[in-house]
Amino acid sequence: MKRRLVRVVIDANACVGSGMCAGSYPDAFQVQADGHALFIGKIIDEAIAKDAAELCPVSAISLVYEDD
Ligand code: SF4
């Protein structure tokens, strides 16, 4: 069975607004006025999502998979 990345979730309680995700991938992440990042990507690119999750200094980015 294949897994498919269906969602990129940012934990607003954990996000410290460092901007690492948005700085690296501005088409996918944006830091909002409230200081927390939001996933804004029109398509979910797994490589980008994984890299951003690794870049995040507080591990606030989670990847949600579903079985195909
Ligand atoms: S890298 Fe992490 S802490 Fe920084 S803005 Fe993105 S989600 Fe928030």
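Atoms within a ligand are numbered from 1 in the order they appear, just like the ligands themselves. Just so it is clear, the structure is predicted and the values come from calculations on it, not from any experiment. Counting from 1, the numbers follow the sequence of the chain as shown.
Atoms of ligand 1 found under 4.0 Å from any heavy atom of Val58 (numbered from 1 in listed order, with element): 3 (S). Each of the following atoms of ligand 1 lies closer than 4.0 Å to a heavy atom of Gly17: 3 (S), 5 (S), 8 (Fe). Counting atoms of ligand 1 from 1 in the listed order, those under 4.0 Å from a heavy atom of Cys56 are 1 (S), 2 (Fe), 3 (S), 7 (S). Near Cys15, with a cut-off below 4.0 Å to any heavy atom, the atoms of ligand 1 are 3 (S), 5 (S), 7 (S), 8 (Fe). Proximity to Gly19 (heavy-atom distance under 4.0 Å) selects the following atoms of ligand 1: 4 (Fe), 5 (S). Interface atoms of ligand 1 facing Met20, defined by a heavy-atom separation under 4.0 Å, are 1 (S), 4 (Fe).
At a threshold of 4.5 Å between non-hydrogen side-chain atoms, the residues Arg3 and Asp67 count as touching. Proximity of Phe29 to Val8: side-chain heavy atoms (C-beta onward) are separated by under 4.5 Å at one or more points. Proximity of Val6 to Ile44: side-chain heavy atoms (C-beta onward) are nowhere separated by under 4.5 Å.
Not a single N/O/S atom of Cys21, whether from backbone or side chain, sits less than 2.8 Å from atom 8 (Fe) of ligand 1.
When all heavy atoms of Ala49 and Leu5 are compared, the pair lying nearest together is CB-CD2, 3.9 Å. Residues Ile48 and Ala28 approach most closely at CG2-CB, 4.2 Å, considering heavy atoms. Of all non-hydrogen atoms in Ala14 and Ala60, the two that sit nearest each other are CB-CB, 3.9 Å.
Protein heavy atom at the shortest distance from atom 4 (Fe) of ligand 1 is Ser18 OG, 2.2 Å. Looking only at heavy atoms of the protein, atom 3 (S) of ligand 1 is closest to Val16 N, 3.4 Å.
No part of Leu55 comes within 4.0 Å of ligand 1, judged by heavy-atom distances.
In summary, the side chains of Asp45 and Tyr25 do not present any donor paired with an acceptor at a separation below 3.5 Å, with no hydrogens or angles considered.
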